[in-house]
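None of the values given here were measured: they were computed from a predicted structure. The first residue in the sequence is number 1, and the count goes up from there.
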Amino acid sequence: MFFTAFFCVILQTVSQNRRIFQILIENKSFYPPKIRIFPYHVVICSFFIFCKTQDGGRDSEKRRKNVLPNKPYSISALSLAIVLALSACNREVKPAPEFKRSEYNKIVISNAVEPSTLDPQKSSDMAAGAIIRQMMDGLVSTDAEGKTIPALALKWEPSDEGRVWTFHLRDAKWSNGDPITAEDFVYSFRRLADPATAAPNSSYLEDAKIQGAAEILQGKAKPDTLGVKALDKKTLQFTLTAPVPYFPDMLIQQFTYPVHRATVEKFGEKWTQPGNYVSSGAYILKEWRVNSHITMDKNPTYYDSKKVSIPQAVFLAIGKEYDRYRADEVDVTYGIPSDQIKIAEKEFPGQVRRATLLCSWFLEPNLESAEFKNPKVRRALNLLTDRAIITKVAGRGDKEAFQLTPPNMQGGGESAPAWKPLKREARIAEAEKLLREAGYSEEKPLEFQIVYTTSEAAKKQITALQSIWKATVPFVRPTLMNEEWKTFLDKRLQGNFSMAFAGWCSDYNDPAGMLNIFKSNNPNNAFHYKNPEFDKLMNSTLEAGISPEERARRYVSAEAMLQRDDAFIPLYHQVSINLVKPDIQGYSDRDPLKNYTIKNWSFAPKK
C-alpha cells in the first residue's frame with residue numbers, strides 16, 4: 001500500500017512527461033541492441049531528473065551521469081509495471097453534467113497564443129489569422145468544406161487563358177460607414193508588395209504570378225506598377241504573368257484582405273488599436289489586452305449582419321484552456337493536452353472534435369549554420385528520427401510524414417525517400433556511419449540547439465525526439481530552447497537559430513501552398529534552402545497548357561528533390577483535436593484549412 005502511494009506521488013510529479021516515457025519504453029525499435037532496461041522505479045526517477053535538467057548545461061550533464069544501475073529487466077515487464085502503475089493513479093472518469101448555457105450574447109474561444117499583429121498585410125501566423133478573419137472580409141472566403149465561396153466579391157471570371165482575373169464587388173461598407181471600393185483592394189495589394197511594409201508574406205504575390213510583383217520585391221520597381229487595377233468602383237482586375245488556375249483560392253488568406261487607407265495613414269502603427277480599427281467584416285474590435293484576451297462586437301454596418309447571431313466574441317491568448325472549458329469559461333478550445341484526450345472523450349462525450357488539416361510539422365535545419373551545411377548530418381538525423389514515437393506522444397492521431405505535402409491535399413501525390421524501406425537497426429547504423437564521415441564522434445560530439453514554441457505538446461514531442469537521438473547515437477547532443485511565440489517567429493525570420501521545431505499550414509488547397517516556402521526568394525524559407533533546379537521546377541507547374549496530371553507529377557518531383565537534398569526533417573501531418581460546446585451550431589471540422597468564421601455559428605435555442 002505504501003509502495004503504491006509512493007509510486008503514485010512520483011508519477012503525479014512527472015505527469016507532464018509520463019506519456020513520453022511510457023511510449024519510449026513500449027517502442028522496442030527505440031533501443032539499439034546494446035541498450036539495457038533497468039528497474040522501473042529508478043528509470044522513472046531518472047527520467048524525472050532528465051526532464052528537469054535537460055536544458056541545464058554542464059552541471060545538469062554531470063548530475064545525469066551514473067544514475068542507473070546495471071541490472072537488466074525485460075521491456076515487456078517494465079511496460080506492464082508502468083501501465084499498471086499509471087492505471088492505479090488515474091481517477092475514474094465520469095461524464096460531466098449536461099451543459100446548460102447561461103450566456104447567449106458571447107462566445108469565448110481559446111486561441112492558444114498572443115497574435116503577432118492585427119494588421120492583415122503584416123500578419124503571418126494562424127493566431128492572427130483566426131482573429132482578423134472575424135473582423136475583415138476578403139474578395140473570397142471558404143465554406144464548411146473548405147471550398148472557395150464569394151465574400152466581398154460576388155463573382156469573378158478569368159480571361160486571356162487564365163492570365164487575367166476580374167472580380168465584381170458587392171455593395172458593402174466599412175465599419176465607419178465608408179463604401180468598400182476596388183481602390184481599397186488596389187491600395188492594400190500595393191501595400192503588401194511594398195518593401196517598406198516589410199510584410200512577411202509579400203512573396204505570396206510573386207507566387208501568385210501577379211505582374212510586377214517580383215520587380216517590386218527586388219526594389220527594381222514601384223508598388224504602383226503591380227498588376228492590379230480598379231476598372232471602376234466595383235470592378236477589380238489582376239494581370240498575371242502566367243496562368244494560375246487556383247488564383248481565387250489564394251485570396252482566402254488574411255494578408256490579401258483590404259484595409260481602410262485613411263485610417264492606416266492617419267494612425268500609422270496604432271491603427272490596429274481599439275477605437276481606431278476600421279473593419280470590413282462581421283465584427284469590430286472592442287478591447288485588446290495583450291497576453292490576455294481580445295474582445296469584438298458585432299459590426300452593425302456589415303453587409304451580412306442579419307446572418308451574425310452571436311453579438312460578441314472573445315479570443316483568449318492564455319493557457320489552462322482545458323480547465324477553463326471544464327469550468328464552462330471557454331466554448332471552443334484550440335486543442336487538448338495529449339495526456340487528457342482519453343479523459344476528455346469520457347468526460348465530454350460528443351464534444352471532442354477532430355479534423356485532418358493541411359498542415360505538416362518538421363525539424364527545420366538552418367542550412368547556413370555550421371552544423372547543418374553538411375548534407376550527411378541532415379540525412380543522419382532524418383534516419384535517426386522515429387516518427388512513430390513522435391506521433392504517439394501527441395496522442396492526436398497525427399500521420400507520420402516523409403514528405404511536406406499532406407496526403408489529403410488535392411492535386412498532389414506521394415514521394416518517399418530512398419531510405420524509407422530500411423529497418424530501424426539499418427537506419428541507425430547508416431546514420432552513425434554518416435555522422436562519423438562528417439567528423440563527429442564521442443570525442444567530437446554533434447552539439448546544437450533546437451528552438452521550439454511555448455506549448456505542452458511541442459515540449460513533449462521535442463523532448464521525446466531529443467531522447468531518441470541521444471539514446472541511439474550518444475554523441476548526438478541537442479539542447480532545447482523554449483521561446484514565446486513572437487520571439488520564436490523573429491528568430492526564424494532573422495535566421496538566428498541552428499534548428500527549429502516548426503510547422504506549416506498551406507494557405508490554399510494545392511501543393512504549391514506548401515512547396516513554395518522552399519523557393520530561394522520566399523521570405524518563409526527559414527531553412528535557407530537555395531536550389532535553382534527546385535525554383536525552376538516549381539515555376540514550371542504554371543506553364544500554359546499544362547494538365548492537372550502533369551502538374552501533380554511535377555509536384556512529386558519537387559518533393560523528391562527536397563528529400564534528395566535532405567532540406568528538412570519531416571515529422572508528421574497534423575490532426576487537429578479540440579473541444580466544442582454541444583450547443584454550438586455551424587461549427588465544422590470538415591474544412592482542412594480550418595478557416596472558421598464565427599458569423600456562421602449560432603447557439604441552439606434555449607430549452
Next on the checklist: Using side chain to side chain contact (heavy atoms under 4.5 Å, CB included), reason through Q312 and I107 one step at a time and then give a plain yes or no.
Outcome noted: CA-CA 6 Å; Q312 187 177 84; I107 188 167; over 6 Å; no

Is it true that [X] and [Y] have a side-chain N and a carboxylate O under 4.0 angstrom from each other?
| X | Y | answer |
| --- | --- | --- |
| R354 | E345 | yes |
| E483 | K491 | yes |
| E269 | K122 | yes |
| D207 | K519 | yes |
| D331 | K106 | no |
| R289 | E287 | yes |
| K460 | D339 | yes |
| D398 | R396 | yes |

Do [X] and [Y] have side-chain atoms, one donor and one acceptor, less than 3.5 Å apart?
| X | Y | answer |
| --- | --- | --- |
| D137 | Y303 | yes |
| T301 | N299 | yes |
| Q254 | R133 | no |

Given the ring of [Y], does [X] sit roughly above its face, with NZ or CZ under 6.0 Å from the centre of the six-membered ring and within 45° of the axis?
| X | Y | result |
| --- | --- | --- |
| K173 | Y302 | no |
| R492 | F497 | no |
| K594 | Y334 | yes |
| K581 | Y587 | no |

Taking the six-membered ring for Trp, are the ring centroids of [X] and [Y] within less than 6.0 Å of each other?
| X | Y | value |
| --- | --- | --- |
| F362 | W504 | no |
| F185 | Y257 | no |
| Y277 | W288 | no |
| F518 | F527 | yes |

Item to check | For the student: nearest non-hydrogen atoms of L251 and T256, plus distance | outcome: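 The answer is O-OG1, 3.1 Å.
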
Checklist entry - If you take all heavy atoms of A458 and Y452, which pair is closest and at what distance? => result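 Closest approach of A458 to Y452, heavy atoms only: CB-CD1, 4.1 Å.
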
Is any side-chain heavy atom of [Y] closer than 4.5 Å to one of [X]?
| X | Y | result |
| --- | --- | --- |
| D178 | V278 | no |
| M409 | S506 | yes |
| I310 | F603 | yes |

Checklist entry - About how many Å separate CE of M250 and OG1 of T148, when rounded to the nearest 0.5 Å? => result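 So the OG1 of T148 and the CE of M250 are separated by 11.5 Å.
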
Next on the checklist: Would you call the rings of F501 and Y572 parallel, tilted or perpendicular, taking 30° and 60° as the class edges?
Outcome noted: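 Tilted, since the angle between the ring planes falls between 30° and 60°.
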
